[in-house]
Peer 1: 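Quick one: the structure is below, questions incoming.
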Amino acid sequence: MTLREHLQTLVLEVLNRKYTQVKSIRFDVSKPREKSFGDFATNVAMVAAKQLRIDPMEIAEAIAPELRSCDVIEDASVARPGFINITLTRRAYLDKLADILSTQDDEAYGYADLGQGKRVQVEFVSANPTGPLNVVNARAAAVGDALVRLLKRVGYDAQSEFYVNDSGTQVELLGESLKARFQELLGRASEIPDGGYPGTYLIDIAKKVIKLSTEADALDSGFAIASQGSPVDFLKEACSKTGQTPASIQAFIDFIATLDPSRMCHAISLYICHQTTKRAGFNAICSQLQDLKMLITPQSGERRAGGAKAADVFLGEVYDGWHFDFSRFAVEEIVEEQQRSLQRFGKRPEGGLRFDCWFRESSLTEEVDKLAQLLISDGRFIAQKDGAIWLRSTGGEESEEWVIRRSSGQPTYFLSDIAYHINKRRRGYERVIDIWGPDHHGHVKRMQRAMEIVANLLPDLNLRPDWLTILIAQQVNLLKDGKRIQMSKRGGEYVTLDDLIREVGADVARFFFLMRRCNSHLDFDIDLAKKTSDENPVYYVQYAHARICSIIDFAKKQGYEEVPQKSNLELLSADEEIDLLKALADFEDLVIASANALEPHRFTSYLIDLASKFHRFYHNHRVVTEDPEITKARLCLCLGVRTVIRSAFSIMGISAPESM
RNA sequence: GCGCCUGUAGCUCAGCAGGAUAGAGCAACGGAUUUCUAAUCCGUCGGUCGGGGGUUCGAGUCCCUCCAGGCGCGCCA
């Protein structure tokens, strides 16, 4: 139990004892701004005064003496207009330190069972698979990852998810753009389509396609020689070497068998080529055979042109209907690149920021159709107009409508987003938190409305009104030399997550993103972030940690144990020591409060404050002294600070270096 | 025009389901270390919490209104 919770129960007990008529009551036990008022203050008397119709001062005067007799409380005094100020005994804080020291795993300290194992999902970043991650994505990544870690810390079964918008117009345009880059590399005339993606990163991906086609040509001829008989037999034989033939491969073999023999080699070699660039070994190839259907779209009746190059096949110029799926290839490449970037953005020893699930929009098509049919047959929440289908909100005088199916019959993004959230619920999440970018903030309301409608439409989902929480990760302005860096997605020029990590490092970037509430606009001063000086709060905190490690090292060399046994903590009595003890005791409350508010940014100011208190302590007192008892006690204090810093950093996904 | 976010010290921001005399960091100026990490510490300067009204014992915090800045408003995603 945290100190605050403990006091809360004590106060409530006393109140109920003194005033039995008090029913349920919500009061605060908080830290007063003014230090001289004491450690905690409660407004219980003023809140109860309303219910009881008694002067709050009178209530406070009645409660205070009772509180004074509790063993953790040193003093409880009354102040106008009815506050009770509480000072705790030093013992209470020393016990808390002992508590901290007894935790086995520093990175797990501060655990609270708020969530009771409830399944919660945090979906964040969810950048379109059309280019590298940018700085807003980076911000969402920092906040979302911290949120997941925080929720786990308070007992939720929290999962992270990245939604990949891998269908629709933009993905087609992406494919067109890649195709244009490919043609460009072949030395042919080409043009990036309107609304396409002119970023240079597609050139690199196009080079991979070139490589694929070159390898396919090589394989193709070799393959044709190796399989004097039927390529299908060859494939079967190859598969049999792996032991068994899974259904997906059987399906593929069946599919290949339907092709004109002249196309088989081509198809298989293109496929193998594609797979080997992605994964090593034949087993992996076999397990992924099904993908070929998406890579190469067959149509019957054509004959292979003599001496056709794979590049021509890719472009659909040889067999009508056969072509390389530029869209899908681009999406997969970009998604992998995004995964690599995120990995670099993670905490070093843990091997990066990994999402528990990468969910593809394209996997939802059936559910989207079903949802549309259900809405239509139900009829209560839709309107048909101009040949399109609109979702209509039930709320109030102002009815709102949003298109969910275009007159072309195509579902809109909104509809699949609704289906997506239904899918999340069906996967058993009891709560879902979405972190969206600034460009989506206009859609928060309609999504919430849609959820109300879904709750009505599908009562079996048992959707509670607060099931979905949407947070907005606001815009990020990058500053360099005091000036704003202009970013243009249209021109394909913008600062990426990778740039950011390269410039300032993952720890610094994360800390800066977590310094502010996620819904406030953020000025990111790159020059400041790069400075390895006292202007940079990240190093300030990390330095405190490194200092402690260094002290402990030194103490060990003097013959002290890492965790001193039988130390007399009572010796900690200097102002700086007491300040530190109190700050340490706040941590558990901070974890709970920031988890409840979904505000991981609170840790940054706490850490800066804790580090500051530690540095002051360090400056005024030696830890390792001639007196072994004082030394042991102070070592314990240092260890407590180290544990809390490590714990906080682990929630933030920032590393705690042992030396700097 | 409609909607969302933001407005707190010269700058960047905290201010934790309204609580007491509004806090940090940076910048500016002045000091401290024969010591376990000077990436440190101490001090000074700095505020009509965008303006106005309301709710109440009490408002930076809640409500209304106005002003300023940013963003979003397609049968795009």
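A quick note: this is a predicted structure, and the numbers were derived from the prediction, not measured. Proteins get letters first, then strands, A, B, ... in listed order; numbering begins at 1 in each.
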Peer 1: Does A/N85 contact B/A20 through a side-chain donor or acceptor facing the base, at a distance under 3.5 Å?
Peer 2: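 Present.
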Peer 1: Taking only the side-chain heavy atoms of A/A593 (C-beta and beyond), determine which of B/C36, B/C16, B/A32 contains the nearest atom.
Peer 2: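 The answer is B/C16, which lies nearest to the side chain.
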Peer 1: Strictly under 6.0 Å, is that where the ring centroids of A/F524 and A/F513 end up?
Peer 2: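 Under 6.0 Å, so yes.
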Peer 1: Taking the side chain of A/R406 as its heavy atoms from C-beta onward, which of B/U35, B/A39, B/C75 lies nearest to it?
Peer 2: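 Nearest nucleotide to the side chain: B/C75.
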Peer 1: Has the side chain of A/N43 got a donor or acceptor atom sitting under 3.5 Å from an opposite partner on the base of B/G19?
Peer 2: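 Present.
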Peer 1: Taking the side chain of A/Y413 as heavy atoms from C-beta outward, which of B/A77, B/C57, B/A14 is closest to it?
Peer 2: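 So the side chain of A/Y413 is nearest to B/A77.
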Peer 1: Nearest to the side chain of A/S407, which nucleotide is it out of B/C75, B/A17, B/A39?
Peer 2: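 Among the listed nucleotides, the one closest to the side chain of A/S407 is B/C75.
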Peer 1: When you measure from the side chain of A/K50, which nucleotide among B/A20, B/C16, B/C57 comes out closest?
Peer 2: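 Side chain of A/K50 sits closest to B/C57.
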Peer 1: Could you measure the distance from the CG atom of A/L371 to the CZ atom of A/R405? Nearest 0.5 Å is fine.
Peer 2: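 These two atoms lie 10.5 Å from each other.
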Peer 1: Return yes if a side-chain donor-acceptor contact under 3.5 Å exists between A/T631 and A/T625, otherwise no.
Peer 2: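 The answer is yes; a qualifying pair exists.
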Peer 1: Provide, to the nearest angstrom, the distance between the NE2 atom belonging to A/H621 and the C1' atom belonging to B/U35.
Peer 2: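 Distance check: A/H621 NE2 to B/U35 C1' gives 14 Å.
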Peer 1: Using the C1' atom as the point on both nucleotides, what is the distance between B/A59 and B/A68, in whole Å?
Peer 2: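 Going atom to atom, C1' in each nucleotide, I get 22 Å.
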Peer 1: Hey, would you say the A/F162 and A/F124 ring centroids sit under 6.0 Å apart?
Peer 2: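 No: the rings miss the under 6.0 Å criterion.
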Peer 1: B/C4 P sits how many Å from A/I470 CD1, rounded?
Peer 2: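 Rounded to whole Å, this separation is 14 Å.
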Peer 1: Is a donor from one side chain sitting under 3.5 angstrom from an acceptor on the other, for A/S655 and A/D507?
Peer 2: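 A donor-acceptor contact under 3.5 Å links the two side chains.
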Peer 1: Whether A/R547 contacts B/A38 is assessed here as follows: a side-chain N or O lying under 4.0 Å from the phosphate OP1 or OP2. Is that the case?
Peer 2: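 It does, given that an N or O in the side chain of A/R547 lies less than 4.0 Å from OP1 or OP2 of B/A38.
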Peer 1: When you get a sec, tell me which of B/A77, B/C75, B/C42 is the closest nucleotide to the side chain of A/R616?
Peer 2: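 Out of B/A77, B/C75, B/C42, the nucleotide with an atom closest to A/R616's side chain is B/C42.
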Peer 1: May I ask you to evaluate whether A/Y539 reaches the phosphate of B/C26, defined as a side-chain N or O under 4.0 Å from OP1 or OP2?
Peer 2: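 Indeed not, no polar side-chain atom of A/Y539 lies that close.
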Peer 1: Are OP1 or OP2 of B/G15 and a side-chain N or O of A/H601 less than 4.0 angstrom apart?
Peer 2: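 Checking B/G15 against A/H601, a side-chain N or O does come within under 4.0 Å of OP1 or OP2.
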Peer 1: Indicate, with yes or no, if the rings of A/Y420 and A/Y163 have centres closer together than 6.0 Å.
Peer 2: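 Ring-ring flag for A/Y420/A/Y163: true, centres closer than 6.0 Å.
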Peer 1: With pairs defined as Watson-Crick or G-U wobble and both distances under 3.5 angstrom, please note down RNA chain B as a dot-bracket string, | for pairing with another strand.
Peer 2: (((((((..((((.....[...)))).(((((.......))))).....(((((..]....))))))))))))....
Peer 1: When you get a sec, tell me which of B/C57, B/A17, B/A20 is the closest nucleotide to the side chain of A/D28?
Peer 2: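 Closest of the options to the side chain of A/D28: B/A17.
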Peer 1: Does A/R26 make a side-chain N or O approach to OP1 or OP2 of B/A17 shorter than 4.0 Å?
Peer 2: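 False: A/R26 side-chain N/O out of range (4.0 Å or more) of B/A17 OP1/OP2.
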Peer 1: Classify the side chain of A/H615 and the base of B/A38 as holding, or not holding, a donor-acceptor pair under 3.5 Å.
Peer 2: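 No such pair is found, so the answer is no.
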Peer 1: Under 5.5 Å between ring centres and under 30° between planes: true for A/F83 and the base of B/A20?
Peer 2: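 Per 5.5 Å and 30° rule: yes, stacked.
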Peer 1: Report which part of the nucleic acid A/A597 touches: base, sugar-phosphate, or nothing (heavy-atom distance under 4.0 Å, all strands).
Peer 2: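 The residue A/A597 makes no contact with any strand.
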Peer 1: Write down the distance between CZ (A/F617) and C1' (B/U33), rounded to a whole number of angstrom.
Peer 2: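 After rounding, the reported distance stands at 17 Å.
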Peer 1: Assess the side chains of A/N128 and A/Q170: does a donor N or O sit below 3.5 Å from an acceptor N or O?
Peer 2: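 Short answer, yes.
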Peer 1: Would the base of B/C71 count as contacting A/H441 through its side chain, where contact means a donor and an acceptor less than 3.5 Å apart?
Peer 2: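 Answer is yes: a donor-acceptor pair is held.
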Peer 1: I need the CZ-C1' distance between A/F511 and B/C26, as an integer number of Å.
Peer 2: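 The answer, rounded to whole Å, is 14 Å.
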Peer 1: So, is A/S520 close to the B/A14 phosphate, meaning a side-chain N or O under 4.0 Å from OP1 or OP2?
Peer 2: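 For B/A14, OP1 or OP2 has a side-chain N or O of A/S520 closer than 4.0 Å.
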Peer 1: In whole Å, what is the span from the CZ atom of A/F603 to the C1' atom of B/A14?
Peer 2: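 It works out to 15 Å between those atoms.
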Peer 1: Could you tell me whether the side-chain ring of A/Y540 sits stacked on the base of B/A39, using a centroid cut-off under 5.5 Å and a plane angle under 30°?
Peer 2: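 Base of B/A39: not stacked against A/Y540.
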Peer 1: Report yes if the distance between the aromatic ring centroids of A/F414 and A/H443 is under 6.0 Å, otherwise no.
Peer 2: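 A/F414 vs A/H443: aromatic centres not under 6.0 Å.
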Peer 1: Give the table of side-chain donor-acceptor pairs shorter than 3.5 Å for residues 51-59 of chain A, with sequence neighbours excluded, one pair per line with atom names and distance.
Peer 2:
residue : atom : partner : partner atom : Å
A/Q51   : OE1  : A/K23   : N            : 3.3
A/Q51   : NE2  : A/S24   : O            : 3.2
A/D55   : OD1  : A/M57   : N            : 3.3

Peer 1: For the aromatic rings, using the six-membered ring if either is Trp, is the centroid distance between A/H545 and A/F649 under 6.0 Å?
Peer 2: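 Judged by ring-centre distance (under 6.0 Å), A/H545 and A/F649 do not meet the cut-off.
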Peer 1: Just to confirm, is there a sub-4.0 Å distance from OP1 or OP2 of B/U6 to any side-chain nitrogen or oxygen of A/R517?
Peer 2: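 Checking B/U6 against A/R517, a side-chain N or O does come within under 4.0 Å of OP1 or OP2.
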Peer 1: Whole angstroms only, please: what is the CD1-P distance between A/I472 and B/C4?
Peer 2: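 My rounded result for the distance is 12 Å.
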Peer 1: Under 4.0 Å from OP1 or OP2 of B/U6: is there any side-chain N or O of A/N519 that close?
Peer 2: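 A/N519 to B/U6 OP1/OP2: side-chain N or O found under 4.0 Å.
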Peer 1: Are any of A/R634's side-chain N or O atoms less than 4.0 Å away from OP1 or OP2 of B/C36?
Peer 2: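 No, A/R634 has no side-chain N/O under 4.0 Å of OP1/OP2 on B/C36.
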Peer 1: Report which part of the nucleic acid A/H521 touches: base, sugar-phosphate, or nothing (heavy-atom distance under 4.0 Å, all strands).
Peer 2: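 Base contact - A/H521 has a heavy atom under 4.0 Å of at least one base atom.
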Peer 1: For the side chain of A/H619, counting heavy atoms from C-beta on, which of B/G58, B/U40, B/A77 is nearest?
Peer 2: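 Closest nucleotide among those given: B/U40.
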Peer 1: Answer yes or no: does a side-chain N or O of A/Y606 lie under 4.0 Å from OP1 or OP2 of B/C16?
Peer 2: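 Answer no for this pair, as no side-chain N or O of A/Y606 is under 4.0 Å from OP1 or OP2.
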